[in-house]
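Have a look at the structure below, then the notes.
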Amino acid sequence: AAQAAAMLHSLGVHTLQLLTQAAACILLFPRFLLTAVMLWLLDFLCIRKKMLMMPTAEEAASASEGPPPDDPPVCVSDSNRMFTLESLKAVWHGQKLDFFKSAHVGSLAPNPEVIQLDGQKRLRILDFARGKRPLILNFGSCT
């Protein structure tokens, strides 16, 4: 009986996770599409600018010095395009991370569990706050 209850609990947890992921996909899809269209438009505008600025054979022969040094060349190739599968994957992943984060502007700060250096006692971060004194968390590195 205990094993059946554990299996039902596990099934319930997995179902809840699946429903949460499905809801996130439905909510994030319009934002993702908007970002994808913007990336495509940026690529399109860069390619269009490159095509419009291509000199004719006459102009290329007369202008041997090329563009001024402060004017970067407009170059769009497969290696520097913005509308790629990799960029779309990164956008989707970033939007999912933002959606599932525990800290949100205007809401209470998360209070995760921490383990003291001795490894014995588990507390919450806000357990270290004392009165009105601000609690400072330093995430720096000494390496």
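Quick caveat, the model's predicted, so the values are computed rather than measured.
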Using a cut-off of 6.0 Å, state whether more than 12 heavy atoms not belonging to L19 lie near its atom CG.
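For L19, atom CG is crowded (more than 12 foreign heavy atoms under 6.0 Å).
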
For H104, look at atom NE2 and say whether over 12 heavy atoms of other residues, nucleotides or ligands are found less than 6.0 Å away.
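Result for NE2/H104: enclosed.
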
For R124 and V114: C-alpha separation, side-chain torsions, deciding distance, then whether side-chain contact (heavy atoms from CB on, under 4.5 Å) applies.
CA-CA 6 Å; R124 300 246 171 224; V114 293; over 6 Å; no

Atom pair [atom1] ([X]) and [atom2] ([Y]), whose distance is rounded to the nearest 0.5 Å:
X	Y	atom1	atom2	value
W92	S87	CH2	OG	14.5 Å
L11	L16	CG	CG	11.0 Å
Q21	F100	CD	CZ	4.5 Å
L137	F128	CG	CZ	10.0 Å
L126	N111	CG	CG	3.5 Å

When clusters are formed by joining ILVMFWY residues with side-chain heavy atoms under 4.5 Å apart, either directly or through shared neighbours, do L33 and L85 land in the same one?
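Result: no, two separate clusters.
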
Hydrophobic clusters here meaning ILVMFWY residues chained together by side-chain heavy-atom distances under 4.5 Å, can you tell me if I115 and I125 are in one?
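Shared cluster, no.
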
Which atom of L123 lies closest to which atom of Q116, heavy atoms considered
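Closest pair (atom of L123, atom of Q116, distance): CD1-NE2, 3.5 Å.
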
By side chain to side chain donor-acceptor pair (under 3.5 Å) - contacts of R133 (at least two apart):
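If we apply the side chain to side chain donor-acceptor pair (under 3.5 Å) test to R133, skipping adjacent residues, there are no hits.
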
Could you walk me through whether V91 and R31 pass the side-chain contact (heavy atoms from CB on, under 4.5 Å) check?
CA-CA 10 Å; V91 166; R31 286 175 39 183; over 6 Å; no

What's the verdict on side-chain contact (heavy atoms from CB on, under 4.5 Å) for F32 and L88, showing C-alpha distance, side-chain angles and the deciding distance?
CA-CA 8 Å; F32 172 74; L88 293 176; 4.1 Å; yes

I'd like to know if K101 and D98 make a salt bridge, using a cut-off of under 4.0 Å between side-chain N and carboxylate O.
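The answer is yes: the pair qualifies as a salt bridge.
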
Any side-chain heavy atom of L135 within less than 4.5 Å of one from R130?
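Side-chain contact under 4.5 Å: no.
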
